[in-house]
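The structure under discussion appears below in the form of structure tokens.
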Amino acid sequence: MTASAPAKPEPAINVPASDELKALAQAYGLEPGYTDAFGNPQETSAYALEKVLSALGVSPCDTPKACQQRLKEYEVASWQRVLPAMMVCREGETKVLRVQLNTMPKEPLSWKITQEDGHTHKGELQLTPLNKIDEYTHESRGLLFSKKTLYFAWQWQLDVDLPQGYHRLELAYRHETIATSILAITPRTAYIPGQLNQGQVWGAACQLYSLKSDTNYGMGDTQDLHQLVNLFGNLGAGAIGLNPLHELFPHNPGERSPYSPNSRYYLNSLYIHPQNCPEFQQGEEVQALWEDARLAIEHNQAEPLVDYVAVADIKRPLFEAMFKRFNRYELAKDTERAKAYFSFCKREGNALVKLAQYEALAEDFYKQDEMLWGWPVWPEAYQDCHSLEVKSACVRLQERVRFYMYLQFVMDEQLAAVKQHCQEQGMPIGLYMDLAVGTNLGSADVWMNRDLYSLGASVGCPPDVFNQLGQNWGLPPAKPSVMAEQAYEPFITLLRSTMRHAGALRIDHALALFRTYWIPPGETGKNGAYVQYPAKDLLGLIALESHRQQCLVIGEDLGTVPEWVREALLDWNIFSYRIFYFERGEGGRYLSPSDYPENALVTISTHDLPTLQSFWQGHDITLRQDLGLFPTKEKYEEELAARPAERQHLLDALIHQGVMPEGFSHNQAEYEGELPKPVCQAVDTFLAQAPSKLRMVQLEDLLGLTEQVNMPGTVNEHPNWQRKLPVTLETLENLL
């Protein structure tokens, strides 16, 4: 017998960090600790700091000496930048730039600013020892000699009146350009529609795929969205809230989470309604395929859960036939529709091409082997989107590349039509869209910009009231330093693409604008570290793009969110996201509607939380226990025992506010099973009395459903993102 290898010791995840490690972590924006959702201070362990620093690209720093060396490397790199790639300045604020050079210039520097409209400003910048604000000495040692490099820093106050927008700054010395930067001048606050100052606007929130109708293919689509706008627009609604419509994975439609997308920049083509496309209306071949699929469509419509694969199996041949007709009768004849397509492609540029290339390659590899689910497991040469192998393969697959570009054109066209329909209905908001916090590891977004993302960590959150194990969302975080180096171009493009058809945009997990919880591989939400992000820059860019797109912005500020974050969001007129369940005061009592802020969206629940009926019945507690989401049995029993008091608090709040319907008991113990519909409606009436400018009601709550849309902490253990509403749109009107 051979002796077995000694067991590998478990990492000491609770060992405190050394001072040297803390200093290095602070330089890279890692926070030494945080206050959790229960009010308890939590110190970030040495283990978490080391792992997250590694995920940021820092070489091993497992000894004090290594930490000191890494810190020196960081300092040198930071001093080698002459100007930041972008400076974001709030309108009315003094424009101050830091200029860094490794020499003391003997002559003035010249500068030039080119505004977006082409207007230019020019001048000279005199850098002298007298106005120097900082300096740094770097000593590099060789075998025979050492070399010292001096760096100097000056503060430059730019006294130029610039309009809102993005302007190019060039800095030159002796007629040679030494640095360029973008000056982004932003409004003081984000955009708010004027109608919101005339009283509270209400809207209906839905999961688009969950809509049932006599016309869809087994999941909701853009035609259903048209119907929903009609229905609620006629009832006086000002907004229709939607789940993220981000593009998922056409080659593998079973990957269904809208919060783990293939691309946040583009739209899920499965939401296309073929009949609303000219290529369907004018194509006999396409219509014949649809007729042949009628029985399969009716079967999908009758299923209680969305079968994405079955829907894709029907729609894909239709899409291909539509594309074939588009090539033959539109592109070949250079029609107005063809010109609209080329205009769309020009607007989207290389990003659209790369998305389509990725989807064509993904489809090709997946057909060969289903284990090749995405770029991280493709042959190495294809993991680089710029490789010769990728270019060669895309020439071979050029027809499929154009096919996927066409689908994005059609989906964009159909969503634009819905936006126009909202305007015709007089909705002050229209479509209220949702921007997911991140993108899937195996996504086109990561593939086409590998430098931006860390592949050695996942985004998540520490334990909170509803998720006592914390959450690991499996999404690669963006590196804040690379965001800045890329002049925030991907972030700006993301805002433009998601705001284009929206009257309001919800930014999921808005805390990520300030700090993001990075979790090392294989760890739970208990063992991560917060990494700081350039919040002031990001908030300014949001404000600028919201005005350009005329789009209200809501920041989802739930969970472990410090009060100063909420204050910063409100300072920029980014609406708070207030959930009835969470708005509690002393002893767990519900706050009065008058305690809610004006600039806020209020609602009873969300897709990640129990419906009102589930909360009342305690169904959410037993479900989480069944799914193993409580850390201990005692925690489960503790929460179960506390629910009756929470139910009584709910009734007490309705009674105190004077909205409790007559004839219904004021004692929670006298209610068995479901909470009566009039009492449920009273909760919405309660929120209607808040000064908050926007109120949303989930269709699940409107229909008194028990099952929640998504159960955080699960993947396939719960039918997340699959549940359909129990009634069709054609009959929904009679139930409202």
Side-chain angles (χ1 to χ4, degrees), residues 55 57 246-255 260-270 312 316 319-320 323-324 326-327 331 341-342 344-412 438-456 474-479 482-483 485-487 489-494 497:
H246 305 317
E247 173 70 313
L248 298 184
F249 298 88
H251 70 283
N252 184 14
E255 289 288 326
S260 184
N262 183 27
S263 178
R264 294 191 293 168
Y265 299 85
Y266 291 100
L267 298 164
N268 185 351
S269 56
L270 265 190
R316 179 54 57 87
F319 291 161
E320 290 171 344
F323 175 62
K324 183 178 179 182
F326 179 75
N327 281 334
L331 291 186
Y341 167 76
F342 286 124
F344 169 79
C345 293
K346 181 179 179 181
R347 183 191 78 192
E348 297 303 312
N350 191 56
L352 175 64
V353 175
K354 284 298 178 186
L355 171 79
Q357 288 179 344
Y358 182 81
E359 294 188 335
L361 283 167
E363 177 184 62
D364 194 51
F365 279 121
Y366 199 67
K367 284 180 179 177
Q368 298 173 35
D369 183 352
E370 290 188 2
M371 296 300 291
L372 299 174
W373 50 266
W375 72 264
V377 292
W378 290 353
E380 187 174 354
Y382 295 88
Q383 295 179 19
D384 177 1
C385 72
H386 303 293
S387 72
L388 292 175
E389 289 83 355
V390 166
K391 292 177 182 178
S392 176
C394 288
V395 170
R396 174 175 58 86
L397 298 168
Q398 60 183 318
E399 195 69 9
R400 297 306 287 176
V401 173
R402 288 198 292 264
F403 169 68
Y404 285 114
M405 293 172 68
Y406 165 76
L407 290 185
Q408 287 302 319
F409 165 66
V410 173
M411 183 59 199
D412 185 81
T439 190
N440 190 288
L441 172 64
S443 68
D445 285 355
V446 177
W447 181 69
M448 69 177 75
N449 194 353
R450 288 271 299 277
D451 291 342
L452 179 60
Y453 297 94
S454 170
L455 307 184
L475 309 171
K479 298 176 182 177
V482 178
M483 292 175 70
E485 289 166 8
Q486 295 184 356
E489 188 276 331
F491 183 73
I492 295 167
T493 302
L494 181 63
S497 63

* Taking the side chain as C-beta and beyond, is there a heavy-atom pair between Met405 and Cys345 under 4.5 Å? -> yes
* To do: Check step by step if side chain to side chain contact (heavy atoms under 4.5 Å, CB included) holds for Phe326 and Val410.
  => CA-CA 11 Å; Phe326 179 75; Val410 173; over 6 Å; no
* Between Asn268 and His246, which heavy-atom pair has the shortest distance, and what is it? -> CB-O, 3.4 Å
* Mind listing the closest non-hydrogen atom pair of Ala351 and Met448 along with its distance? => O-CE, 3.9 Å
* Asked: Can you check whether Trp378 and Tyr358 have ring centres sitting under 6.0 Å from each other?
  -> yes
* **Contacts of type ring pair (Phe, Tyr, Trp, His ring centres under 6.0 Å), residue Phe491, not counting sequence neighbours** => none
* **Gap separating the CG atom of Leu352 from the CD atom of Gln357, nearest 0.5 angstrom** => 10.0 Å
* Asked: Are Leu248 and Pro253 side-chain neighbours, meaning at least one heavy-atom pair lies under 4.5 Å?
  -> no
* Stepwise side chain to side chain contact (heavy atoms under 4.5 Å, CB included) test for Leu452 and Lys479 -> CA-CA 6 Å; Leu452 179 60; Lys479 298 176 182 177; 5.6 Å; no
* How far does CH2 of Trp447 sit from CG of Leu355, to the nearest 0.5 angstrom? -> 9.5 Å
Expected list for residues 390-397: side-chain donor-acceptor pairs under 3.5 angstrom, two or more places apart:
residue : atom : partner : partner atom : Å
Arg396  : NH2  : Asp364  : OD2          : 3.1

* Aromatic ring centroids of Tyr341 and Tyr406 under 6.0 Å? -> no
* Got a second to check how far Ser454's OG is from Leu475's CG, nearest 0.5 Å? -> 12.5 Å
* Among Gln486, Lys354, Glu489, the one residue meeting side-chain hydrogen bond (donor to acceptor under 3.5 Å, both in side chains) with Asn449 -> Gln486
* Structure fact -> Checking Thr493, Asp445, Asn440 against Arg264 for side-chain contact (heavy atoms from CB on, under 4.5 Å), the one that qualifies is Asp445
* Under the side-chain hydrogen bond (donor to acceptor under 3.5 Å, both in side chains) rule, what do Glu348 and Tyr265 come out as? Steps first, then yes or no, please. => CA-CA 10 Å; Glu348 297 303 312; Tyr265 299 85; over 6 Å; no
* To do: Would you please say whether a donor-acceptor pair under 3.5 Å links the side chains of Glu359 and Asn262?
  => yes
* Just wondering, do Pro250 and Arg316 contact through their side chains at under 4.5 Å, heavy atoms? -> yes
* If you count the non-hydrogen atoms of other residues, nucleotides and ligands that lie under 6.0 Å from CD in Gln368, is the total more than 12? -> yes
* Asked: Going by the angle between their ring planes, with limits at 30° and 60°, are Phe365 and Tyr382 parallel, tilted or perpendicular?
  -> perpendicular
* **Distance-minimising heavy-atom pair for Ala55 and Gly456** => CB-O, 3.5 Å
* Please report the shortest heavy-atom distance between Ala381 and Glu389, naming the atom on each side. => CB-CD, 3.6 Å
* Output, in order, the C-alpha distance, side-chain angles, deciding distance and verdict of side chain to side chain contact (heavy atoms under 4.5 Å, CB included) for Leu441 and Tyr453. => CA-CA 9 Å; Leu441 172 64; Tyr453 297 94; over 6 Å; no
* Structure fact -> Rounded to the nearest 0.5 angstrom, the CZ-OH distance for Phe323 and Tyr404 is 11.0 Å
* Asked: Looking only at heavy atoms, what is the nearest atom pair of Gln383 and Pro376, with distance?
  -> NE2-O, 3.4 Å
* Asked: If you look at every heavy atom in Leu270 and Ala312, which pair is closest and at what distance?
  -> CD2-CA, 3.9 Å
* Return the set of residues passing salt bridge (Lys or Arg N to Asp or Glu O under 4.0 Å) with Arg402 (not counting sequence neighbours), or none when no residue passes. => Glu399
* Structure fact -> Separation between OG (Ser269) and CG (Asp412), nearest 0.5 Å, reads 12.5 Å
* To do: Evaluate ring pair (Phe, Tyr, Trp, His ring centres under 6.0 Å) for Phe319 paired with Phe403, printing each intermediate quantity in order.
  => CA-CA 9 Å; Phe319 291 161; Phe403 169 68; 7.2 Å; no
* To do: Give a yes/no verdict on a cation-pi contact between Arg347 and Phe344, requiring under 6.0 Å between NZ or CZ and the six-membered ring centre and an angle within 45° of the axis.
  => no
* Structure fact -> Distance col, row Leu361:CG vs Leu372:CG, nearest 0.5 angstrom, shows 11.5 Å
